[in-house]
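Below is one structure; the comments refer to it alone.
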Amino acid sequence: MEDELQLAMADLDEEKTLMLVETRINTGYTSMEIVESCRRGIEVVGMKYSDSHYYLSDLIMSEEIFKGVMRILEPHIPVNDSDNGFTIIMGTIEGDIHDLGKNIIIYLLRSSGFQVHDLGVDVTPERFVQAVNESKATILGISVLLSFCVGSVKKVVDLLTEIGLRDKVKVVVGGYPVNQEVKEFTGADYYANDVSEAIKIYRQILEQGACSVSK
Ligand code: B12
């Protein structure tokens with residue numbers, strides 16, 4: 001089915017995108033459904049950039065529009081002050097500054113009662129491991145959008161193994177280029193490249209208990 005919001009995002013039509021988001025939020029669409037339409041639209045922006053139909057300035061424009069979408073959606077994402085007992089470390093891997101997807105996942109996790117420590121972007125493998133070591137986190141989420149940075153995600157998992165922390169955390173890797181192959185290459189426990197898959201994983205971990213969940 002043709003999705004008007006996805007098309008407006010893909011066309012970098014800021015006014016129409018924001019108008020459609022307002023309309024959808026007021027007509028019963030969930031924030032997750034809206035984010036997913038926008039994510040699919042911005043994926044097209046990426047493809048047009050690869051095909052040289054769009055330029056770097058268009059990628060920057062898509063970031064601005066997406067941030068505008070999130071400003072509309074944020075007040076509609078329920079706030080949950082209760083603590084479900086799970087602490088998560090999140091960050092974008094070294095060399096990569098993409099953070100729109102990571103930030104959305106963090107909103108949703110916080111609204112589900114997870115305590116999230118956000119390490120930000122361009123995070124070295126050593127910093128991820130240090131954060132796991134110093135915290136009570138049982139889940140580590142790593143975002144990666146640039147294919148050539150996937151090797152550094154593997155380095156995080158290898159370092160965790162090397163210093164005996166691998167069994168302490170479930171590693172979830174997420175982002176546009178992530179698939180089963182990336183999961184296997186990096187040694188992560190789970191992968192997600194859209195919001196509903198991500199939430200499904202965290203719910204599963206929550207239901208089964210982080211350290212006993214089957215992979
Ligand atoms: C916006 C954008 C930018 C913005 C980023 C702004 C920001 N603050 O993040 C800017 C303009 C800065 C940028 C820069 C660059 N970009 Co860029 N960018 C994009 C674009 C168009 C959209 C990314 C995005 O935000 N998507 C929307 C979010 C919601 O989706 P998402 O990130 O996939 O996240 C969802 C899921 O993946 C998942 N998820 C994400 N992280 C995690 C983590 C966990 C733990 C879990 C569970 C789930 C999860 O949940 C999210 C919610 O649905 C993509 C195209 C694409 N297809 O992704 C290119 C893209 C990623 N960029 C690309 C490139 C090449 C670059 C540059 C190298 C360009 C340049 N010449 O400088 C630089 C790199 C800068 C750097 N060092 O990181 C390429 C990467 C190609 C590749 N194979 O590696 C892409 C794919 C475009 C393309 N097709 O060529 N970019």
Side-chain angles (χ1 to χ4, degrees), residues 5-6 9-12 14 17 21 30-70 73 77 86 88-110 112 114 116-123 128 132 137 139-153 156-157 169-179 181-183 186 188-206:
L5 176 54
Q6 180 184 332
M9 183 79 221
D11 289 343
L12 298 171
E14 182 169 22
T17 301
V21 170
T30 66
S31 303
M32 265 177 26
E33 285 165 341
I34 295 171
V35 163
E36 193 45 27
S37 288
C38 294
R39 191 196 60 77
R40 285 196 302 263
I42 212 170
E43 196 174 318
V44 177
V45 173
M47 287 172 197
K48 289 188 178 179
Y49 172 75
S50 307
D51 294 349
S52 306
H53 287 103
Y54 277 170
Y55 301 98
L56 185 58
S57 55
D58 296 310
L59 287 189
I60 295 168
M61 183 63 195
S62 74
E63 173 187 9
E64 283 313 307
I65 301 177
F66 211 99
K67 283 183 172 165
V69 170
M70 289 313 294
L73 293 183
I77 298 177
F86 283 84
I88 304 182
I89 307 269
M90 283 280 282
T92 300
I93 195 69
E94 183 174 32
D96 195 336
I97 60 162
H98 294 85
D99 65 357
L100 299 176
K102 167 183 74 64
N103 293 343
I104 289 168
I105 300 296
I106 290 176
Y107 276 125
L108 294 172
L109 289 172
R110 288 189 174 141
S112 304
F114 288 93
V116 185
H117 293 308
D118 182 9
L119 302 179
V121 297
D122 193 16
V123 180
F128 274 115
V132 170
I139 307 171
L140 171 61
I142 307 175
S143 188
V144 58
L145 272 280
L146 298 175
S147 314
F148 64 83
C149 293
V150 166
S152 297
V153 178
V156 177
V157 179
V169 281
K170 292 294 166 196
V171 180
V172 188
V173 59
Y176 174 68
V178 173
N179 54 23
E181 208 180 316
V182 169
K183 173 190 167 279
T186 56
D189 298 304
Y190 300 93
Y191 78 92
N193 49 26
D194 71 38
V195 78
S196 54
E197 207 41 52
I199 296 303
K200 226 193 285 170
I201 290 167
Y202 288 109
R203 283 214 183 110
Q204 194 191 338
I205 295 176
L206 187 59

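Note that ligands are numbered from 1 as they come in the structure, with each ligand's atoms numbered from 1 the same way. Given the structure is predicted, the values throughout are model-derived calculations rather than measurements.
Counting protein heavy atoms only, atom 41 (N) of ligand 1 is closest to S143 OG, 2.7 Å. Protein heavy atom nearest atom 39 (N) of ligand 1, with residue, atom name and distance: G175 N, 3.6 Å. At the shortest separation from atom 76 (C) of ligand 1 among protein heavy atoms lies I97 CG1, 3.3 Å. The nearest protein atom to atom 26 (N) of ligand 1, hydrogens excluded, is given as I42 CG2, 3.3 Å; this is a heavy-atom distance. Nearest to atom 72 (O) of ligand 1 among the protein's heavy atoms is L56 CD1, 3.9 Å. Among protein heavy atoms, the minimum distance from atom 83 (N) of ligand 1 is reached at S147 OG, 2.7 Å. Atom 46 (C) of ligand 1 has as its closest protein heavy atom G174 CA, 3.7 Å. Looking only at protein heavy atoms, the nearest one to atom 25 (O) of ligand 1 is L100 CD1, 3.2 Å.
Looking at every heavy atom in both residues, F128 comes nearest to I93 through CE1-CD1, 3.7 Å. The minimum heavy-atom distance between N193 and G175, with the atom names listed, is CB-O, 3.3 Å. The shortest non-hydrogen separation linking P177 to S147 is CB-OG, 4.2 Å. Closest approach of V172 and Y202 over heavy atoms only: CB-OH, 3.9 Å. K102 and G120 make their closest contact through CE-O, 3.6 Å (heavy atoms, listed as atom of the first residue, atom of the second, distance). G141 and I88 get closest at one heavy-atom pair: N-CG2, 4.4 Å.
With rounding to the nearest 0.5 Å, the separation of CG in L119 from CG in L140 is 8.0 Å. M90 contributes atom CE, which lies 9.5 Å from atom CZ of R110 (distance to the nearest 0.5 angstrom). L109 CG to I139 CD1: the interatomic distance, rounded to the nearest 0.5 Å, is 8.0 Å. Atom-to-atom distance recorded for E36:CD and I104:CD1 is 9.5 Å, nearest 0.5 angstrom. For the atom pair CD1 of I205 and NZ of K170, the computed distance is 8.0 Å after rounding to the nearest 0.5 Å. A distance of 5.0 Å separates OG of S62 from CE of M9, quoted to the nearest 0.5 Å.
Atoms of ligand 1 found under 4.0 Å from any heavy atom of I142, numbered from 1 in the order shown, are 43 (C), 45 (C). Ligand-side atoms of ligand 1 in range of G95: 76 (C), 77 (N), 78 (O), range being under 4.0 angstrom from any heavy atom. The contact set between ligand 1 and G141, taken as ligand atoms under 4.0 Å from a residue heavy atom, comprises 45 (C). Per-residue contacts place G101 under 4.0 angstrom from the following atoms of ligand 1 (heavy atoms of the residue considered): 28 (C), 29 (C), 32 (O), 34 (O), 51 (C). For ligand 1, the atoms lying closer than 4.0 Å to a non-hydrogen atom of I104 are 29 (C). For ligand 1, the atoms sitting less than 4.0 Å from at least one non-hydrogen atom of A198 are 47 (C), numbered in the order shown with element in parentheses. Per-residue contacts place V172 under 4.0 angstrom from the following atoms of ligand 1 (heavy atoms of the residue considered): 45 (C), 47 (C). Against a heavy-atom cut-off of under 4.0 Å, S50 is close to the following atoms of ligand 1: 88 (C), 89 (N), 90 (O).
By the criterion of a heavy-atom distance under 4.0 Å, both the backbone and the side chain of D99 are placed next to ligand 1. Contacts between S62 and ligand 1 below 4.0 angstrom, taking non-hydrogen atoms only, involve the side chain exclusively. Contacts of R39 with ligand 1, taken as heavy-atom pairs under 4.0 Å, involve the side chain alone.
Considering both main-chain and side-chain atoms, K67 never comes within under 3.5 Å of ligand 1 through any nitrogen or oxygen pair. Between I105 and ligand 1, not a single N/O pair is under 3.5 Å apart.
Not counting sequence neighbours, the partners of A10 by the side chain to side chain contact (heavy atoms under 4.5 Å, CB included) test are V44.
Checking atom 67 (C) of ligand 1 against the protein gives no heavy-atom contact under 4.0 Å. For atom 85 (C) of ligand 1, no protein heavy-atom neighbour is present inside the 4.0 Å cut-off. Within 4.0 Å of atom 81 (C) of ligand 1, not a single protein heavy atom is present. Distances from atom 54 (C) of ligand 1 to the protein include no heavy-atom value under 4.0 Å.
No heavy atom of P177 sits closer than 4.0 Å to any atom of ligand 1. Taking 4.0 Å as the cut-off, Y202 counts as a neighbour of ligand 1 on heavy-atom distance.
Here atom 17 (Co) of ligand 1 has protein N, O or S atoms under 2.8 Å from it, and they come to 1.
In this structure, E64 places its CD atom where more than 12 heavy-atom neighbours from other residues, nucleotides or ligands lie under 6.0 Å away.
Looking at E63, E36, M47 and measuring to atom 12 (C) of ligand 1, the nearest heavy atom belongs to E63. Compare Y190, Y176, Y191 by their heavy atoms: the one nearest to atom 58 (O) of ligand 1 is in Y176.
Comment: E43 does not engage R40 in a salt bridge, judged by the lack of any side-chain N to carboxylate O separation of less than 4.0 angstrom.
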